[in-house]
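Structure first, commentary second.
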Amino acid sequence: MKNNKIIQERLNLINNLKARRIIVSENVYNAMLNVPRHLFLPELNLDKAYIDTPQQIGKGQTISAPHMNAMMCEYLEIKPGDKILEIGTGSGYHAAILAELTGKDGIVYTIERIPELAIKAKEKLKELSYSNVEVIINDGTKGLESKAPFDKILVTAASPKIPKSLLVQLNPNNGILCIPVGKRHWDQDLIVINRIKGKYIKKKVCKVIFVPLIGENGFEK
Ligand code: SAH
């Protein structure tokens with residue numbers, strides 16, 4: 001695909017998400033416009049990079065449809081300088097959007113349990129000069145205690161329950177966690193939790209389908 005065509009397709013997709021009121025804030029609009037989604041996908045799927053649909057990224061894993069990336073970013077209300085934890089690096093695409101949103105004064109820690117995906121994502125993020133992202137190979141259901149607390153935590157795989165380890169690693173002063181919770185491969189809700197003055201305020205926002213979160217505080221392998 002020619003570069004101009006790619007840029008036009010990306011602009012059309014992002015404008016469509018805005019027209020549908022899925023993207024409402026200017027920072028999410030700009031961040032998604034800046035990240036070249038096609039470069040995070042396997043070559044086979046290149047022509048579908050700017051269609052609003054999930055895609056296979058190898059190792060049986062999928063990258064969400066762009067409207068889901070946008071929605072989750074809106075719920076997280078990311079401000080420049082936020083310290084962010086993502087669980088489920090996958091292709092690294094969503095980590096790049098988070099990096100755009102938090103900017104050079106912020107940092108994104110992203111954890112992936114499958115080493116091959118983590119290595120590929122790390123290389124891609126480096127190639128695209130996202131120096132404020134750190135990719136870690138581990139079981140993300142335990143969070144990342146050494147770097148806690150986090151202003152924002154995003155989980156991009158579905159968990160059978162909300163891991164306590166993540167709740168306690170949220171900034172007590174307005175930290176936000178966004179996580180899909182439900183059964184393996186079906187009946188899942190996207191949950192958004194605000195931690196304010198020691199309380200956790202939880203809301204269910206919509207039905208979703210994500211690949212399973214596998215680990216100590218998630219599903220069994
Ligand atoms: N955010 C990704 C898509 C994630 S798909 C992107 O933008 O491309 C979900 C990912 O979560 C998969 O890569 C899967 O391997 C990973 N995953 C599942 N359980 C995990 C765990 N316990 N810790 C870290 N990563 C996990």
Side-chain angles (χ1 to χ4, degrees), residues 10 13 28 31-32 34-42 44-46 48-73 75-76 78 84-101 108-125 128 130 133-145 147 150 152-166 169 177-185 188 190 208-221:
R10 184 156 69 237
L13 169 71
V28 173
M32 289 193 67
N34 281 347
V35 181
R37 188 174 194 257
H38 64 286
L39 297 182
F40 289 89
L41 295 176
L44 254 175
N45 302 350
L46 265 190
K48 292 181 239 137
Y50 296 106
I51 297 173
D52 190 16
T53 177
Q55 302 279 348
Q56 302 296 320
I57 53 169
K59 297 278 160 192
Q61 305 304 317
T62 45
I63 174 174
S64 299
H67 74 265
M68 190 49 61
N69 299 119
M71 262 178 69
M72 293 190 289
C73 287
Y75 283 119
L76 287 171
I78 296 162
I84 306 173
L85 175 65
E86 179 192 36
I87 296 156
T89 313
S91 67
Y93 171 66
H94 207 142
I97 301 175
L98 299 173
E100 293 271 351
L101 287 167
V108 179
Y109 297 98
T110 179
I111 310 181
E112 172 57 54
R113 65 178 282 273
I114 301 177
E116 290 89 334
L117 292 180
I119 290 164
K120 230 166 137 183
K122 190 179 173 150
E123 280 168 3
K124 188 53 70 182
L125 289 160
L128 296 172
Y130 285 107
V133 184
E134 207 173 290
V135 182
I136 297 149
I137 302 171
N138 208 345
D139 169 11
T141 66
K142 294 182 279 190
L144 188 61
E145 216 182 341
K147 305 288 180 186
F150 299 98
K152 309 289 151 71
I153 302 180
L154 172 65
V155 185
T156 64
S159 180
K161 57 184 187 309
I162 302 168
K164 278 214 181 65
S165 42
L166 301 186
Q169 289 179 27
L177 164 67
C178 181
I179 179 170
V181 176
K183 309 220 165 62
R184 206 175 176 117
H185 298 298
Q188 303 166 359
L190 188 64
V208 289
I209 301 179
F210 279 80
V211 294
L213 182 75
I214 294 167
E216 201 175 299
N217 304 315
F219 287 103
E220 277 178 27
K221 201 171 173 191

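What you see is a predicted model; the values in this text were computed from it and never measured. Read the numbers this way: they start at 1 and go in the same order the structure lists the ligands and their atoms.
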[X]: heavy atom below 4.0 Å from ligand 1, yes or no?
| X | value |
| --- | --- |
| Asn138 | yes |
| Thr89 | yes |
| Glu86 | yes |
| Ser64 | no |

Original post:
Taking non-hydrogen atoms only, is Thr156 closer than 4.0 angstrom to ligand 1 via side chain, backbone, both or neither?
Top reply: both

Mark up the atoms of ligand 1 that fall under 4.0 Å of a heavy atom belonging to [X], in ascending order.
| X | result |
| --- | --- |
| Ile63 | 8 (O) |
| Leu117 | 13 (O) |
| Pro212 | 18 (C), 19 (N) |
| Ile111 | 24 (C), 25 (N) |
| Thr141 | 22 (N) |
| Val211 | 5 (S), 9 (C) |
| Gly140 | 21 (C), 22 (N), 23 (N), 24 (C) |
| Thr62 | 3 (C), 4 (C), 5 (S) |

Original post:
With side chains defined as the heavy atoms from C-beta onward, is the minimum distance between Leu101 and Val28 less than 4.5 Å?
Top reply: yes

Subject >> Leu177 side chain near Ile162 side chain, heavy-atom distance below 4.5 Å >> reply: yes

Reported [atom1]-to-[atom2] distance for the pair [X] and [Y], which is rounded to 0.5 angstrom:
| X | Y | atom1 | atom2 | value |
| --- | --- | --- | --- | --- |
| Lys59 | Glu112 | NZ | CD | 11.0 Å |
| Ile84 | Leu98 | CD1 | CG | 5.0 Å |
| Ile136 | Asp139 | CD1 | CG | 12.5 Å |
| Thr141 | Ile111 | OG1 | CD1 | 9.0 Å |

Nearest protein heavy-atom contact for [atom]: which residue, which atom, what distance?
| atom | answer |
| --- | --- |
| atom 15 (O) of ligand 1 | Glu112 OE2, 2.6 Å |
| atom 1 (N) of ligand 1 | Gly88 O, 3.0 Å |
| atom 22 (N) of ligand 1 | Ile214 O, 2.7 Å |

Evaluating non-hydrogen atoms only, which member of [options] is closest to [atom]?
| atom | options | value |
| --- | --- | --- |
| atom 8 (O) of ligand 1 | Pro163, Ser91, Gly218, Ala121 | Ser91 |
| atom 17 (N) of ligand 1 | Lys59, Arg113, Arg37 | Arg113 |
| atom 14 (C) of ligand 1 | Gln61, Gln55, His94 | Gln61 |

**OP:** May I ask you to check whether Asn69 has an N/O atom sitting below 3.5 Å from an N/O atom of ligand 1?
**Re:** no

Original post:
Looking only at distance, does Ile114 have an N or O less than 3.5 Å from an N or O of ligand 1?
Top reply: no

Original post:
Do other residues, nucleotides or ligands put more than 12 heavy atoms under 6.0 Å from Leu128 CG?
Top reply: yes

**OP:** Count the heavy atoms of every other residue, nucleotide or ligand shown that sit under 6.0 Å from NZ of Lys161, and state whether that count exceeds 12.
**Re:** yes

Subject >> Option passing side-chain hydrogen bond (donor to acceptor under 3.5 Å, both in side chains) with Thr110 (candidates Glu134, Glu86, Lys122, His94) >> reply: Glu86

Original post:
Between Gly218 and Ser159, which heavy-atom pair has the shortest distance, and what is it?
Top reply: CA-OG, 4.4 Å

**OP:** Looking only at non-hydrogen atoms, find the nearest pair between Leu125 and Gly92 and report the distance.
**Re:** CD2-O, 3.7 Å

Original post:
Between the side chain of Gln55 and the main-chain N/O of Leu41, is any donor-acceptor distance below 3.5 Å?
Top reply: no

**OP:** Please say which of Lys147, Lys142, Glu145 ends up in a side chain to side chain contact (heavy atoms under 4.5 Å, CB included) with Gln169.
**Re:** Glu145

